[in-house]
Each structure stands twice: as structure tokens, then as C-alpha cells.
Amino acid sequence: MKKGDHLFLIDGSGYIFRAYHALPPLTRKSDGLPVGAVSGFCNMLWKLMQDARNTDVGIVPTHFAVIFDYSSKTFRNDLYPEYKANRSAPPEDLIPQFGLIRQATRAFNLPCVEMEGFEADDLIATYCRLACEAGGDTTIISSDKDLMQLVGETVGMYDPMKDRQIGIPEVVEKWGVPPEKMIDLQALTGDSVDNVPGVPGIGPKTAAQLLEQFGDLDELLARAGEIKQEKRRESIIANADKARISRQLVTLKNDVPVAEGLDDFVLHAPDGPKLIGFLKTMEFTSLTRRVAEATGTEAGDVQAIAVPVERADNAHGPDVGAGTPPVARAAEIETTETPKQGDTPSLLAALRLERAATAKIDTSAYEGIRDIATLKAWVAEAREAGIAAFDVRATSTDPMQAELIGLAMATAPGRAGYIPFAHKSGNGDLLGGGMLENQIPLREALAVLKPLFEDRSVLKIAQNLKYDLVIMSRYGIDVAPFDDTMLISYVLDAGTPHGHGMDALADKWLGHKPLQLKDVTGSGKSSVGFDQVDIDRATAHAAEDADVTLRLWLVLKPRLAAKGLVSVYERLERPLVPVLARMEQRGISVDRQILSRLSGELAQGAARLEEEIYLLIGERINIGSPKQLGDILFGRMGLPGGSKTKTGQWSTSAQLLEDLAAEGHELPRKIVDWRQLTKLKSTYTDALPGFVNPDTKRVHTSYALAATTTGRLSSSDPNLQNIPVRTAEGRKIRTAFITDKSLRLVSADYSQIELRVLAHVAEIPQLRQAFADGADIHAITASEMFNVPVEGMPSEVRRRAKAINFGIIYGISAFGLANQLSIPREEASAYIKKYFERFPGIRDYIEETKAYAREHGFVETIFGRRIHYPDIRSSNPSLRAFNERASINARLQGTAADIIRRAMIRMEEALDKAKLSARMLLQVHDELIFETVEVEVEATIPVVRHVMENAAMPAVSMSVPLHVDARAANNWDEAH
DNA sequence: ACAGAAGCTTA
DNA sequence: GTAAGCTTCTGTT
């Protein structure tokens with residue numbers, strides 16, 4: 001570069017966001033790919049380059065580069081961790097455009113410049129300095145105030161959207177200070193968007209005036225005592241440190257060790273065919289025409305090129321792969337719904353399905369990523385594509401104990417690789433095998449992967465992502481943004497016969513059966529850990545999973561929009577993933593001594609009962625065997641009332657034994673008691689200590705988001721949602737769930753949430769009133785049904801009404817109610833009839849639900865969650881009736897589940913905002929359990945209650961108030 | 001070694 | 001009558 005040359009630097013990242021928000025949304029016609037920002041970008045580049053050839057304009061660039069941010073984490077985060085911390089992920093439809101804009105830049109024959117650890121602004125500052133030193137001029141294509149500090153005699157800015165030049169006078173006019181004081185001004189005002197603190201109470205006007213008065217920031221801070229206005233003076237003195245750190249944050253670094261020099265930016269004429277190929281692919285018809293004219297290219301001769309993101313342009317592409325012909329397949333899917341003609345998401349869904357299902361899966365085509373250079377190339381490729389499916393391989397299915405073995409990544413269908421970190425040679429002698437050659441050491445690999453996994457412009461996709469999230473978090477990586485194919489499937493298809501596991505989804509959508517873990521590790525006694533699998537086989541297996549995950553995403557994601565389920569996914573599913581990941585990581589403290597003592601007591605009690613039982617039956621059978629027990633009780637001893645299970649065995653259910661005990665038989669009572677003690681011992685007091693994590697000394701359950709049909713969570717390993725509470729004996733187990741001395745457990749649970757949901761959705765005036773009054777709902781029900789006053793009501797009357805209320809929630813049947821109340825079926829029938837007479841709205845609700853389910857094959861919660869009942873039209877009456885009851889229950893249980901999900905999603909921020917340190921640990925369907933310091937208990941409870949009671953708002957304003965009870969104690973028993 | 005049934009725990 | 005998960009026993013692979 002020499003004197004007279006002119007460098008154009010485009011702030012690519014800044015432009016993307018501005019164009020996205022400023023320009024009308026635009027999607028590629030053929031498939032709905034969002035391209036608004038790309039279109040704006042291409043038009044701007046073209047205009048700038050046209051101007052470059054038109055010497056009349058005055059400014060003629062000789063050098064040209066587009067600068068991008070690399071990742072969200074830069075050296076500024078080391079200075080100030082909160083820097084840009086409250087930035088949220090970019091909008092859904094912007095994410096794929098980041099990669100496209102880089103491609104656009106290259107199509108224009110322009111250099112794309114970015115560097116890890118630095119913002120685009122730092123690179124721009126550096127190149128400005130270099131150009132200045134070489135005697136050239138610079139124009140920065142941006143209107144960002146953060147760049148205004150660079151404006152000077154040889155550096156100007158240009159806002160392409162407003163067609164406005166920004167020089168020294170414009171900066172002074174806008175901010176009241178010359179460019180060289182912009183840094184001090186920004187240090188004072190701060191920036192709420194980037195989380196630069198600044199001095200509270202000082203805005204641009206005040207800052208400019210102060211700088212005018214004192215000259216610069218150092219002088220101002222030194223002489224702050226001279227400021228007349230009291231508030232202002234105090235604030236500046238108190239926040240001098242914040243101003244200093246802010247100055248560091250806003251000062252651009254102009255000595256970045258850049259890889260490309262200015263000579264690499266010499267402007268070349270555009271390559272017509274290359275550029276037109278890209279523009280055609282994007283379907284920018286008018287720009288394509290203009291470029292064709294200007295470059296003298298015949299647009300018709302140019303083929304649209306393949307673009308790594310969303311290659312739906314290739315719909316008639318490779319017709320390989322066996323099975324159903326693609327067209328028939330796509331058609332088959334859409335006939336199950338009612339697609340609207342020209343409905344773009346539906347069309348996209350069909351196209352995606354066809355592509356992903358037909359492009360052959362070849363496990364031998366995956367790449368082993370064995371050195372840093374290759375890994376870096378893959379990372380670059382993922383950034384280009386804007387999406388990356390990944391799959392973690394680790395030593396354990398428990399993410400709290402798993403050590404990373406390797407990681408697979410896919411960037412496009414068929415394009416996948418596997419990075420081995422820690423595979424060992426398979427010889428299983430005592431010393432174990434040594435580490436295999438040609439792997440990338442974990443630390444080095446993670447250093448390269450971390451910026452990608454945290455890059456807000458690259459969407460990370462996984463199947464059951466929470467597992468990977470917990471592991472990555474333990475390695476210091478916060479994965480965002482992300483999609484989870486399992487959850488997308490769950491939102492689309494809860495209740496359908498196929499599950500949401502990878503194998504089921506691959507089979508259903510891709511007609512493909514992926515390699516099984518067992519096929520590479522072996523099974524049973526001869527099985528080996530995944531780290532003992534040789535790297536080629538591991539690559540085939542893991543990379544295939546990443547490839548399949550990417551294809552599933554391509555197929556499933558557009559279906560969310562096509563079916564109007566985006567908001568369920570975005571508001572009830574995806575945001576819960578990191579919340580649950582954190583809850584699982586926190587775990588809960590369990591006192592092993594208490595459990596061990598209880599185990600001893602239970603063993604003694606059970607042994608005593610065992611002896612008594614043996615004495616009564618005269619032999620030492622296995623009491624735990626229902627078969628042996630039934631044969632003795634009803635066969636040899638000939639007890640009355642025996643009934644058979646469906647396999648023809650004598651039934652020995654607790655209910656039946658209780659009935660016999662009530663008739664005065666001694667043995668059944670002892671058996672029931674023995675079962676209770678052994679149940680408590682084996683399932684809880686003996687099993688729980690085995691779940692204490694050796695590192696954290698706490699118990700970390702695993703929550704499944706996609707395991708139930710209704711939207712509830714489930715808990716396993718261990719299940720902490722079925723810890724005993726009903727009997728005094730069982731409750732003792734809860735005393736083992738404890739906190740440290742200065743901490744407390746806070747338990748907050750919704751009171752009667754499902755009945756409240758019923759009163760709301762079925763619009764039952766008496767029930768709404770009763771809940772509004774805070775009345776005893778079962779007593780009110782009884783009073784309405786039996787015409788008895790609530791005052792002095794016999795407990796039996798209330799009990800029956802309560803059973804009916806619960807029965808309604810479960811999709812009542814006379815058979816079930818009769819069983820529950822131990823009354824004849826005719827009597828139960830009469831109760832139900834009476835109930836419907838008093839609450840006709842509930843009968844209507846039930847009938848409407850059944851009719852809706854029958855018509856659509858699914859029901860919905862009030863938040864739009866869809867639950868399918870494919871057997872609702874079965875000709876089998878009992879199967880049909882079962883589906884009817886389940887669908888009635890699903891609307892209520894599912895709505896309640898959605899409400900607590902919403903509360904959980906909002907809870908952490910609400911606690912943060914209230915400056916409370918409480919940490920959410922557990923969820924038990926209608927209850928949340930927190931751990932907090934004792935001194936904050938009183939402040940925490942109202943915050944928790946407020947979030948939970950208002951969780952339906954603003955999406956739904958319920959006609960019945962939600963009520964939350966909350967208590968704190970040293971253990972779960974007393975807190976509940 | 002695994003799968004299903006029976007039984008029991010929770011909301 | 002709804003929704004789950006875990007343990008034990010039992011019979012099959």
C-alpha cells in the first residue's frame with residue numbers, strides 16, 4: 001500500500017445485525033431459507049464495488065476487506081468477565097446467515113478476515129493504523145459508535161444504509177466530543193448492550209460536558225471533587241474504578257498480530273461467473289441480472305452452486321439410497337396432516353426429508369480428525385456452515401462421572417468426522433493399554449473447540465443434548481446456541497408409537513439403522529469401554545451418529561414451523577435444557593449415616609416378620625416371590641378371596657392382602673408389612689448411598705425431558721420423584737436429604753394445580769369461586785353433590801368427593817371409582833351421574849376432549865403442547881376407552897407440567913435479580929426444592945412463590961389463582 | 001445376560 | 001380411572 005491508496009474495511013458482523021433488523025425479512029423462495037441480511041449485504045457490496053469503478057464519486061477503494069468477529073469470548077472477557085455477558089443468542093433465522101455472508105464475501109472475491117480472541121473492531125483498528133503508517137486513507141463501512149474513536153484525518157466512516165459519511169465534524173456533532181475523546185466518553189457512559197459498566201447516572205450529554213470542562217478522563221477522576229452537582233460528584237468518585245475498567249474495555253486494540261497484510265487486500269475485479277453462481281443460488285434475481293450485465297456474463301450459462309447450509313436447491317439431487325422413492329416418502333408424510341398449498345415450512349420440511357433420506361449414509365466416508373490442523377479446518381468449516389451437529393463419546397452414561405474420549409462432528413449430510421482424544425490400546429491386562437498414537441490431546445482439542453461451541457453464530461445440534469451439556473460444562477465449555485433433535489421430535493410427536501431416541505428417529509425419518517454401540521464395543525462380559533475401541537471403528541460409529549443427528553435436524557426442524565409448534569419448543573423445551581443441566585450438576589446432599597441406620601432398622605424389622613411368617617405357614621419360602629406366596633396362601637392354606645392375574649398366577653396385591661387382613665387374617669398383614677420394609681430398604685436406604693458421587697459427595701439425579709407423553713419430567717438414577725412420603729416409616733428416608741449447617745432446603749409446591757387447571761379450562765363457576773375464596777375444594781364438591789353444609793361435614797363424605805375430583809383428573813370411570821372407594825359399581829355410577837348434574841361443564845369438557853382427540857388424533861395443553869393418541873379411534877372398546885381417559889388427563893397433567901416448566905425457566909433469573917443465592921435442586925412434578933443460606937430463606941420464599949404463581953402469565957391469564965405453599969428446614973421431610 | 005410381570009413408590 | 005421408575009422374581013436366550 002502506498003500514499004493515495006484507499007482501504008475499505010467493512011464491519012461484517014456489525015452489518016449482519018443491522019441489516020437483519022433494518023431490512024424486511026426475506027426468505028429464499030424455494031425453501032424458506034432466511035436470507036434477508038445476506039441480500040442486504042450483497043447489494044451493499046455490489047454498490048460499493050460499482051462506486052469503486054466510478055471515479056466521479058471521489059472515493060475509490062484500492063484495497064478492500066470484510067472483517068468479522070470470531071467468537072463471543074475475547075481478551076476483554078479476561079479483563080471483565082461480564083463483558084457482553086447479557087448478550088442473548090442471535091435470532092433463530094439469523095444464525096444460518098452468518099455462514100452465508102462469509103460465503104458471499106468470498107463470492108465477491110473479497111478477503112474475509114477474523115481472528116480468535118479479538119473483535120472485528122480490534123482488527124479494524126489495527127488495519128487503520130497500518131494503512132495510516134503506509135500513507136493511505138481508510139474508510140470504515142459501519143456506523144457503530146465503538147469505531148468512532150478511529151476517525152481522524154485519514155480515517156473516515158461510511159454508513160451504507162443511510163448513505164452518510166462520518167468524519168470528525170459528524171462525530172463532534174453527534175457526541176459533542178472529537179473522535180480522540182470518544183474513548184473517555186464511552187468509559188463514562190458505559191454501554192448497557194455490551195455490559196460496559198460506565199458511571200451510573202452519566203449519559204452522553206453529561207459526559208461530553210465533563211470532558212469539555214476537565215479535558216480527559218484522568219483529569220476528571222483526579223479532580224472529581226470539584227464537580228458542583230452532589231449526586232454526580234458522588235457517583236463519579238464512587239465509580240472511578242468502573243470508569244477505568246470501562247475505558248480498557250472500549251479502547252480498541254490497534255496492534256493485533258494480524259495474519260494478512262494490507263497487500264492481501266488489493267481489490268480485484270469481481271469474477272462474474274463465480275459471483276453469479278452464488279447469487280443465483282440465493283435466488284437474488286435482480287442483483288443477478290445487474291451483475292450479469294455489468295460483468296458481461298450470460299447468467300443463463302451459470303449453474304447455481306451448492307451451499308453447505310440448507311442445500312434444498314439440490315432437491316432433485318443424488319438419487320441414491322434404497323427404499324421408498326423420495327417423492328412418495330415426502331408425500332406420505334404430508335398426507336397425514338393437512339398441508340396448506342404453498343405453505344413454505346411444509347414445503348421445506350418435505351424437501352429436507354427427501355434430501356436427508358435419500359443421500360446415502362456411508363460410514364467408511366467419515367474422517368478421522370487426528371491433528372490440530374485438520375481439527376482447525378473442521379472448526380472453520382462449521383463456522384462457515386453456521387451449524388454443527390456433534391456427539392460426545394465419554395467413559396460413562398452418567399454425565400457427572402464421564403470423562404471425554406472423543407467427539408464427533410458433522411457439518412453437512414455425509415460430511416462428518418471424529419476427533420479421538422483418549423483411546424487406549426485394547427489389551428486388557430492389569431496395567432491397561434497405553435494411549436494410542438495420533439490423537440489430539442484433550443486440552444489442545446478443547447482449546448480449539450471451545451470458541452466454536454460458544455460461538456453465537458454457529459448452531460450446535462445434538463441428540464439428547466443435556467448429556468453433552470453437562471459434560472462440556474464440567475470441562476469449562478458453555479455450549480450455545482443449540483438445538484436438540486430429541487426434543488424437536490418430542491414436541492412434534494409426543495404420544496406417537498415411535499420413541500425419540502436416535503435409532504427410532506433414524507429408522508422413521510431416514511430409513512436407516514445406525515451402527516449400534518454394541519457392535520463396536522461388544523456386549524456382556526467381553527465388552528470393552530469405548531476408549532478401547534480402535535479409532536477407525538470408533539470414527540465410523542461416532543461420526544455416523546453426528547451425521548444422522550444433522551440429517552434429523554434438517555428433516556425435523558422445519559416441521560416445527562409447519563405444524564405451529566415453534567413456540568412450544570422455544571418456550572417450554574429448549575430453555576429448560578440448561579436449567580436442568582445445572583440442577584443435575586448441583587445435586588443434593590444425602591446423609592449416608594442416616595440411611596445406614598435406617599437400613600439396619602428395616603433389616604431387623606423384616607427379619608422379625610420373616611420368622612413370624614415362616615411360623616404361620618410352616619415352611620421357609622421366598623416371601624418375595626409372588627408365585628410361591630400365592631401358591632401357599634390360596635393353594636395350600638386355602639384362604640378365601642383369591643383372584644388371578646392375567647398370567648394365571650394367584651394375585652397377592654397389597655389391596656387384596658389388606659382386605660384379607662381386615663377380615664381378621666393374621667398372615668396377610670405381616671406380608672404387607674414385610675413388603676413395605678423390604679421395599680424401603682432395597683429401593684431407598686440400600687440403593688441411595690450408591691448414587692453419592694465420589695467427587696461431589698452429592699446425589700445427582702438425571703431428568704428426562706422427553707420420557708413422558710404429557711410433558712412431565714421423569715427422574716432416574718436415582719429417581720428422586722418417588723421418595724416415600726405417605727407413611728411415617730417411609731418419610732424417615734426424607735430426613736436423609738439434608739443441607740450443610742448454615743444452609744436450608746426450601747420446598748415450594750403448587751396446591752391442587754391440576755384441579756385448578758380443570759376449573760380454568762372447563763370453566764366451572766363453583767370451582768373457580770371456591771379456589772378464588774381459598775376454600776376447601778373437596779368439601780365444596782361434596783356440599784354441592786350431597787346438599788350438605790361444609791360445616792360439620794363427615795369426613796367420609798368429603799373423602800368420596802375427593803376421590804371423584806381425582807377421578808375426573810384421571811378420566812373417570814365407574815369401575816375405577818368403585819375400586820378406589822371399595823363400593824359397588826352401580827353406586828359409583830350414580831355418584832358420577834350426580835356429579836355431572838351439578839357440574840355440567842365438566843361433562844362438556846370431557847365430551848369435547850374426546851371428540852377433539854378423535855378428530856385430530858391429539859389433544860393440546862393450554863400452551864399448545866400436543867399429545868397424540870393414535871389409538872383413540874381403535875375398534876377395541878377398552879383400548880379406545882383407555883385412550884379417552886388418557887387424553888382427558890393429558891390436557892390437565894400436561895398443562896400443569898407446562899406451568900411448572902415455565903416457572904423453572906424463569907426462576908434462576910428472578911433469584912439473580914433479587915440478589916438471592918438460592919439454587920434450584922429438584923423438581924417433583926408440582927414441587928420445587930431449593931438450597932439456600934439460612935439468612936436468605938425469608939427473602940427467597942416470596943420470590944419463588946411469585947414466579948410459580950405467575951408462571952402461566954403472560955401467555956395465559958388463568959381464571960383461577962395458582963397457590964403455592966413453601967417451607968424451609970434442614971431436611972426434606974421437615975421442609976415438605 | 002436380558003425381558004416381562006408383579007409389586008410398590010411418587011404426583 | 002392418569003403419569004412415571006426401580007427391585008425382585010422368573011423364564012428365556
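It should be emphasised that the depicted structure is a prediction, and the values quoted were computed from it without experimental measurement. Every chain is numbered from 1 and lettered A, B, ... according to where its sequence line falls, protein lines coming before strand lines.
Here the C1' atom of nucleotide C:dG1 and the CG atom of A:Asn883 are 14 Å apart, to the nearest Å. C:dG1 atom P lies 10 Å from atom CG of A:Leu817, rounded to whole Å. Here the C1' atom of nucleotide C:dG5 and the CZ atom of A:Phe691 are 11 Å apart, to the nearest Å. For the pair A:His925 NE2 and C:dA3 P, the interatomic distance rounds to 13 Å; values are reported in whole Å. Put simply, CG on A:Leu705 is 14 Å from P on C:dA4, counting in whole angstrom units. Taking atom CZ of residue A:Phe882 and atom C1' of nucleotide C:dA3, one finds them 9 Å apart after rounding to whole Å. As a whole-Å value, the separation of A:Asn719 CG from C:dA4 P is 12 Å. When rounded to the nearest whole Å, the span between CG of A:Leu879 and P of C:dT2 equals 12 Å.
A 4.0 Å heavy-atom criterion places the boundary nucleotides of DNA chain B facing chain A at B:dA5 to B:dA11, written 5' to 3'.
For the residue pair A:Gln401/A:Ser396, the side-chain donor-acceptor check at 3.5 Å is not satisfied. Defined by atom type and a distance below 3.5 Å, a donor-acceptor pair is missing between the side-chain atoms of A:Gln516 and A:Asp519.
With sequence neighbours excluded, no residue satisfies salt bridge (Lys or Arg N to Asp or Glu O under 4.0 Å) with A:Arg838. Looking at residues two or more places apart in sequence or on another chain, you find a side chain to side chain contact (heavy atoms under 4.5 Å, CB included) between A:Ala853 and A:Val859, A:Ile872, A:Ser887. Residues forming a salt bridge (Lys or Arg N to Asp or Glu O under 4.0 Å) with A:Glu610 (at least two apart in sequence, or on another chain): none. By the salt bridge (Lys or Arg N to Asp or Glu O under 4.0 Å) test, A:Arg865 pairs with A:Glu573, A:Asp898, sequence neighbours left out.
Look at A:Arg885 and you'll find a side-chain N or O under 4.0 angstrom from OP1 or OP2 of C:dT2.
Every pair passing side chain to side chain donor-acceptor pair (under 3.5 Å) that includes a residue from residues 726-737 of chain A is listed here, sequence neighbours excluded: A:Gln676-A:Thr727, A:Glu729-A:Lys732. Sorted by first and then second residue, the salt bridge (Lys or Arg N to Asp or Glu O under 4.0 Å) pairs with a member in residues 801-817 of chain A form an empty list; sequence neighbours excluded.
A:Ser813 comes within contact range of at least one nucleobase, with a heavy-atom separation under 4.0 Å. Counting non-hydrogen atoms under 4.0 angstrom, A:Ser523 reaches nothing in the nucleic acid. Within 4.0 Å (heavy atoms only), A:Ala803 reaches at least one base atom of the nucleic acid. Contacts of A:Gly624 with the nucleic acid, taken as non-hydrogen atoms under 4.0 Å apart, involve only primed sugar atoms and P, OP1 or OP2. Within the nucleic acid shown, A:Ile812 comes within 4.0 Å of at least one base atom, counting heavy atoms only. Among the atoms of the strands shown, none is found under 4.0 Å from any heavy atom of A:Ala881. In this structure, A:Asn722 reaches the bases: a heavy-atom distance under 4.0 Å links it to at least one base atom across the strands shown.
Proximity of A:Glu827 to A:Arg800: side-chain heavy atoms (C-beta onward) are separated by under 4.5 Å at one or more points.
Here A:Tyr869 and A:Phe882 keep their ring centres 6.0 angstrom or further from each other.
Within residues 490-503 of chain A, no residue approaches DNA chain C, by heavy-atom distance under 4.0 Å. If you check residues 886-907 of chain A against DNA chain B, you find no residue with a heavy atom closer than 4.0 Å. Within residues 673-685 of chain A, the residues approaching DNA chain B are A:Arg675, A:Gln676, A:Lys679, A:Tyr684, by heavy-atom distance under 4.0 Å.
Atom CD of A:Glu666 is surrounded by 12 or fewer heavy atoms from other residues, nucleotides or ligands within 6.0 Å. Within a 6.0 Å sphere centred on CZ of A:Arg571, heavy atoms belonging to other residues, nucleotides or ligands number 12 at most.
Of the possible polar contacts, one joining the A:Arg756 side chain to the A:Pro961 backbone as a donor-acceptor pair under 3.5 Å is found. For the pair A:Glu949 (side chain) and A:Val964 (backbone), a donor-acceptor distance under 3.5 Å is present. Panel note: side chain A:Ser625, backbone A:Asn622; no donor-acceptor pair is recorded below 3.5 Å. Judged by distance alone, the side chain of A:His700 and the main-chain N or O of A:Gln585 form a donor-acceptor pair under 3.5 Å.
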Only pairs under 3.5 Å count here: list side-chain donor-acceptor contacts from residues 809-826 of chain A, not counting sequence neighbours, and write none if there are none.
residue	atom	partner	partner atom	Å
A:Ser813	OG	A:Gly816	N	2.9

For nucleotides 10-13 of chain C, which of its nitrogen or oxygen atoms have a protein nitrogen or oxygen under 3.5 Å away, and what is each distance?
residue	atom	partner	partner atom	Å
C:dT10	OP1	A:Ser625	OG	2.2

